[in-house]
Amino acid sequence: MSGANSPTARPDSSPLPAKYKPSEHEASVRARWESSGAFHADPLRVLRDGRAPYSIFIPPPNVTARLHLGHALNNTLQDVLARAHRMKGFEVLWMPGTDHAGIATQTVVEQRLLKEEGKRRTDFAREEFVARVQAWKDEYEAVITDQLKAIGCSCDWRRQRFTMDNVCAGAVREAFFRLFRDGLIYRGKRLVNWDPATQTALADDEVEMEEVDGFFYYLRYPLVQVTDGIDRHNQKKALPATLAGLKYAPVTWGELAARGYPGAESHPDDEQAWVTVATTRPETYLGDTAVALHPRDPRAASLRHLSCQLPLVGRIIPLIEDEYVVMPVTKEQAEDAEKRGEAVDPKARFATGFLKVTPAHDPNDYEIGRRHDLKIINVMAPDASISDKHGWTDVGDAHLFVGLSREEARKKVIAEFKARHVADSNGPLFEKQVEYRHSVGHSYRSHVPIEPYLSDQWYCRVTDDRLRGAALRAMDPAQRSSADAGRATKGGGDGALSFFPERFARTFETWHENLRDWCISRQLWWGHRIPVWSGSPESARRALEGVDSDRAVLHENGEAAFVCVRSEGDAALIRALEAAQLRRDPDVLDTWFSSALWPMSTLGWPAPPPEMKGLLEAFNPSAVLATAREIITLWVSRMTMFNRYLLPEGHPATKSGDASYGSSGKGGGPVPFRHVYINAVVQDGHGQRMSKSLGNGVDPLDIVHSHGTDALRLVLVQTATGTQDVRMPVDLVCPHCGEGFEPAWITSPAGYKVAAPRQSCPRCAKPSVSAYGVSSGSVKPTDDAPQARNGSTRFDAGRNFCTKLWNATRFALMNLEGEAAPGAVRAAKLSLPDRWMLSRLTRTIREIDGAIAQYQFAQYAELVYDLFWRDFCDWYLEAIKPTVRSSPEQRAVLGAVLESIVRLLHPIAPYVTEVLHGALRRVPRAPLEGLLIPESEQVCVAAWPAADPSLESADAERSFARLQALVEQIRQVRSAKGVEPRRRVKLHAGPSLADDVRGWAGVVEALSGADLAPGPAPAGAAPFVFEGADAALSDLADAVDPSAERQRLSESLSKLEKDIAALETRLGNPGYADRAPPHLVQQTRDQLSQKIAERDALKLRLSQLGA
RNA sequence: GGGCGCGUAGUUCAGUCGGCUAGAACGCACGCUUCACACGCGUGAGGUCACUGGUUCGAGUCCAGUCGCGCCCACCA
């Protein structure tokens, strides 16, 4: 112990190093977490011991690339929840894993193979190629796992899964089998987003829209009237002219005029009439099977029962009426409508009112075709060249287009239409072209325009009520907007699902209301192979003779038979099928199919191996899913549907721990999670979404390197305020001299602002390589141009906070030595700062609990920040400095409060709190009545602090607030008068305030550097007013300058006058006293009278100083 | 085209039920190397809460509209 005159201990007695260096502690802390098994969840503690479960399924990151700050945010928030609930006594399972991300991963691997080895996928055998992708996956799965571990994620790492591992594959297989068996998976000919370059179907979200400059082409279709065979024509629309003895005759303008067609009379009577269609894609006219117009179009009546004949092809196609068609408007009409505030379809200005309908090559036309039972004629090969081998037979004179690419065909069609005439004497078939800028879907893989393409695909019937309806019924009725909101019935997961922030419920709801069946097949090699064998019905039936329907299911579809085999291990059956010439489908499943099963597959459904027994019963449904808003549709929806469909209604009450869940088959099963928390999108400094593939993704490990993990997490948590976007501007850090600098920006090929691949440091001028160039593969780090890490001053606040916490703990440790209090310390007997601090702690614990329950992460961070820095450091530690060494009771409070703060902070800043907890627990701590913080070896499994509400003391908070106000006032006077910081001055106060100051036992003196002096203030003292009473400071070194003093007091006076005027206006308002709540009126009155008292005191003081 | 979000101090952002004399961090100014911490301490300066109108005793907050920025979904006549 240092000398008796020293109020606190010497700094060198601290057991902690002088400075917190994250890199010196994080690895060893992490190793202790892992070896202790602190994060390993045991379903038995739930199922047998009745402990409350709390589970979270990680959104499995794609194994395509390293994680960026967006992932760091998402996973930090999950970790905050996991750690907080672990400390609150829940049995926590945070399930980790990664996603095979079919198309994305295959694409990056293909690109790399092409770049590094000059090879294409087709240069490999399928197994060989898959092995290469597997190698990539192994590499990135390891990288991602390391990143997640580094940022402190408290996942149950022993249970880590991958969407294509054996357990997950079993779930995919079983789910597919049941959905197939129940008629919810079917083979369909549908329009898909076809990438003609890679020849695969793409999901809607794999299509990128790009603005393209193009043209509207105006083409003329001659009008004809079918004179014989009209019935057959109407039954099977769009017949070739040559077929079935169809007889037809040209329709002349004269006939049209007779039918009342507006404007027909301006044409020669005996010439053949035509209609003009407008299209951006003239080459698709080869597949047209109708021309449509709006039923209210003024021309519609006069055209009824007429047809068009496609030039060159010769096909006769009907004129049909459909409300989808946009009627044309003139420029003037459009402007008028806009003036009236009416929306005008931009297409209306270009439209002719006649829409060519090509069901095989346009999604909207496909829908029209279905409505009108039109023929579907596919005129393209899979490579998007014009072909007569894929469903187009009535080629006629159009054979000159066959074999052309779609681009060549477009030119050729235009050229031919320009060169030909409607009829011998008419004008050309080509009318005009108009420039038109529109957005066109492009493949995110090959960047060529998407072709809507008719092909055979597997579909999941998500529009079935057992899936879609179940998902909608899962929603919390309070978050539903539509009419049937109130009709949610009881049972299963109905009404159990809610969104945070609430507004995202709308996204979920409208998605389901507009849902279409889900195309689940992909023409890829990387993924879950579709477990269906197809061949002729007879051979399929023969091969399945005597095979139980539990092993395989047969669906027949006209000439084809499809056999779904339940188990990959059913080798005998598979051999029999292949012997019967049935071939396995070459396609794989959409990646989201396995993702949709994540909450089940990771828990071992349907047949858990021994080490996974009980997981499903214990941990599904999970507590919360934390994810990004753009996958509400892709993922959240599908998990909800599958979980509810595949798990039985009674779950988890089902007792069996084995495979034998019967599917409820009604979609009445449990929700996969009760809450969905949508976190913000992390953007870069330019407001662009952060993404490694764009080259603007920041590796969280760069921030870990520069600021430490806890700093990273603190700042990320602070940003989670419920907004949609978070901007995280980043710099580069020079690898040579450590200078942070703003990179030089360039625009990437995709139009994003990214750091230039090569940078040079503004300080040392040496070159470096930025992340963008590295991820795009355009440049590699070398010895003289090493890679610059990202850095950001945004994280300084977090680092500073950790340092402050470290230092405060060091200080506390120095002062916690010494005799412990003999028994339990009772709050009522403590000093004001102690009672105040305990009150603040108790209140803050309550507020933090509320914030966590509502996913108010930023508020949680702010609460614990203020508690620690503002209350504990700025006031409490300073207040107890004079007394703590001599008061065992005060030491008990100090130790208990700091330990509580460390625990409250642990979910956000796990590393530094773990180290500090280790140091703090070596100091014996006397128990404190009302504050329960049981001993624990590690803070990550320590109990959340429990404070008795009685510790919350309004009285202590009120008194301490007065003390703080007085101290601040004294500091202001000192600062205004330029008193030396270390100089002790004298405080003169009236008897009542002096009593209070004495009652506060030296705290005011310690915090303000002013000692209470007896008697009235001497001449020349600096006066001030506290709570309307005179007080003063004297002994300020130099004599007080009366003119400066007048100046200062006058400023205070004018501010007071302003306040008083404002308060008087408010009270003078006749409505205020009547209608405002009484306590507010009273408060205003009190404020006014206090300000008036202060003003009068100041005025008196000023007059004493002499005007 | 449909939906959602944002606009508050130089910067990044809080601001819940309308009660506000609008806060924080960083930055800035002044003072302080005080025996936990200069990644610190103390004291300050800094705001037409995008704009217009409305409701209200009272509007940053609610309503209507305007302008600007961004995101998601849909869309190739």
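Hydrogens, waters and symmetry mates play no part in the numbers below; they use all other heavy atoms, side chains included. Letters A, B, ... are given to chains in the order of the sequence lines, protein chains preceding strands, and every chain is numbered from 1.
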The Watson-Crick or G-U wobble partner of B/rG7, with both key distances under 3.5 Å, is B/rC67
Quick one: are the ring centres of A/Y285 and A/F417 less than 6.0 Å apart?
yes
Winner on side-chain proximity to A/T721, out of B/rA14, B/rU12, B/rG40, is B/rA14
| task | For the pair A/W869 and A/F801, name the ring-plane relationship: parallel under 30°, tilted 30 to 60°, perpendicular over 60°. | result | tilted
message = Can you tell me if A/K977 touches the phosphate of B/rU43, counting only side-chain N or O atoms and a distance under 4.0 Å to OP1 or OP2?
response = no
NA contact type, A/Q856, heavy-atom cut-off 4.0 Å: base, sugar-phosphate, or nothing?
nothing
Between CZ of A/R971 and C1' of B/rC32 the distance, given in whole Å, is 13 Å
From CG of A/L1063 across to C1' of B/rC20 the rounded distance in Å is 12 Å
Say we look at B/rG70 and B/rU55: how far apart would their C1' atoms be, to the nearest angstrom?
30 Å
Worksheet item: Are OP1 or OP2 of B/rA74 and a side-chain N or O of A/R516 less than 4.0 angstrom apart?
Response: no
Atom CD of A/Q972 and atom C1' of B/rG42 are separated, to the nearest Å, by 11 Å
Ranking B/rA36, B/rC26, B/rC32 by distance to the side chain of A/N800, first place goes to B/rC26
A/W875 atom CH2 is separated from B/rC41 atom P, nearest whole Å, by 13 Å
Nearest-nucleotide check on RNA chain B, A/Y20 vs A/T279; residue mapping nearer the 5' end is A/Y20
Testing B/rG19, B/rC4, B/rA77 for proximity to the side chain of A/R503, the answer is B/rC4
Among B/rC72, B/rC76, B/rG42, the one nearest any side-chain atom of A/D874 is B/rG42
Practice problem: Determine the contact category for A/Y324: base if any of its heavy atoms lies under 4.0 Å from a base atom, sugar-phosphate if only primed atoms, P, OP1 or OP2 are that close, otherwise nothing. | Solution: base
**OP:** Could you tell me whether A/Q969 contacts a base, only the sugar-phosphate backbone, or nothing, with contacts defined as non-hydrogen atoms closer than 4.0 Å?
**Re:** nothing
With the side chain defined as heavy atoms from C-beta on, A/P981 is closest, among B/rA36, B/rC32, B/rC76, to B/rC32
| field | Inter-nucleotide C1' distance (B/rA9, B/rA38), Å rounded | value | 25 Å
Margin query: Is the phosphate of B/rA25 approached by A/R870 (side-chain N or O, under 4.0 Å from OP1 or OP2)?
Written below: yes
* So what does A/Y865 hit on the nucleic acid, given a heavy-atom distance under 4.0 Å: a base, only sugar-phosphate, or nothing? -> sugar-phosphate
When we call it a touch if two heavy atoms are under 4.0 Å apart, what does A/R984 touch: a base, just sugar-phosphate, or nothing? nothing
### Message
Using a heavy-atom cut-off of 4.0 Å across all strands, would you classify A/D866 as base, sugar-phosphate, or nothing?
### Response
nothing
Nearest-Å distance once atom P is located in both B/rG40 and B/rG27
8 Å
Closest to the side chain of A/L877, out of B/rA77, B/rC76, B/rA36, is B/rA36
Looking at every strand, decide which applies to A/A797 at a 4.0 Å heavy-atom threshold: base, sugar-phosphate, or nothing. sugar-phosphate
- Task: Would you state whether a donor and an acceptor, one from the side chain of A/K19 and one from the base of B/rC39, lie under 3.5 Å apart?
- Result: yes
Margin query: Side chains of A/D322 and A/H294 only: does a donor on one sit below 3.5 Å from an acceptor on the other?
Written below: no
Next on the checklist: Categorize A/S975 for me: base, sugar-phosphate, or nothing, with a 4.0 angstrom heavy-atom threshold over every strand shown.
Outcome noted: sugar-phosphate
Between A/V325 and A/G353, the two heavy atoms sitting closest are CG1-O, 3.5 Å
With the side chain defined as heavy atoms from C-beta on, A/L1080 is closest, among B/rA36, B/rG19, B/rC76, to B/rG19
- If you look at every strand shown and take non-hydrogen atoms under 4.0 Å, does A/I632 touch a base, only sugar-phosphate, or nothing? nothing
With distance as the sole criterion, do the side chain of A/Q859 and the base of B/rU16 form a donor-acceptor contact below 3.5 Å?
yes
Classify A/R799 by what it touches in the nucleic acid, base, sugar-phosphate, or nothing, heavy-atom distance under 4.0 Å. base
Is the backbone of A/P981 close enough, under 3.5 Å, to the side chain of A/R974 for a donor and an acceptor to pair up by distance?
yes
To the nearest angstrom, the CD-P distance between A/E323 and B/rA77 comes to 19 Å
Classify A/R506 by what it touches in the nucleic acid, base, sugar-phosphate, or nothing, heavy-atom distance under 4.0 Å. sugar-phosphate
In whole angstroms, the gap separating P of B/rC73 from CD1 of A/I631 amounts to 11 Å
Say we look at B/rU16 and B/rC62: how far apart would their P atoms be, to the nearest angstrom?
8 Å
Practice task
Check every strand shown and say whether A/V325 touches a base, only sugar-phosphate, or nothing at a heavy-atom separation below 4.0 Å.
Solution key: base
Query raised in the report: Does a side-chain N or O from A/W869 land closer than 4.0 Å to OP1 or OP2 of B/rC41, or not?
Result: yes
Rounded to whole Å, NE2 of A/H361 lies from C1' of B/rC76 at a distance of 14 Å
For a quick test of reading the model: is some side-chain N or O of A/N364 closer than 4.0 Å to OP1 or OP2 of B/rC76?
yes
Ranking B/rA77, B/rU12, B/rU33 by distance to the side chain of A/R982, first place goes to B/rU33
Subject >> Spacing of the P atoms in B/rC39 and B/rC35 (rounded, Å) >> reply: 15 Å
Go through the steps for A/S1089 and A/K1091 under the test side-chain hydrogen bond (donor to acceptor under 3.5 Å, both in side chains), then give the verdict. CA-CA 5 Å; A/S1089 56; A/K1091 299 244 182 211; over 6 Å; no
Q.
I'd like the P distance from B/rA77 over to B/rG15, given in whole Å.
A. 44 Å
Rounded to whole Å, NE2 of A/H707 lies from C1' of B/rC26 at a distance of 12 Å
Problem set entry | N-O pairing of A/D874 and A/R870 below 4.0 Å | yes
- Query: Using atom C1' of each nucleotide, how far apart are B/rC76 and B/rG18 to the nearest Å?
  - Reply: 49 Å
### Query
Is A/R406 salt-bridged to A/E283, cutoff N-O under 4.0 Å?
no
Relative to its sugar, using the 90° cut-off around 0, the base of B/rC35 is anti
Closest of B/rU43, B/rU21, B/rA77 to the A/E968 side chain is B/rU43
Closest to the side chain of A/P452, out of B/rU34, B/rC76, B/rA36, is B/rC76
Contacts of A/V726 and A/V681 projected onto RNA chain B by closest heavy atom; the upstream (5') one is A/V726
Checking side-chain polar atoms at under 3.5 Å, does A/T276 have a donor or acceptor matched by the opposite partner on A/Y221? no
Span that lies between the C1' atom of B/rC51 and that of B/rC67, in whole angstrom: 7 Å
message = Is it the case that the side chain of A/T352 and the backbone of A/F354 share a donor-acceptor pair, with hydrogens and angles ignored and the cut-off at 3.5 Å?
response = yes
Check: B/rA25 base within 3.5 Å donor-acceptor of A/E862 side chain: no
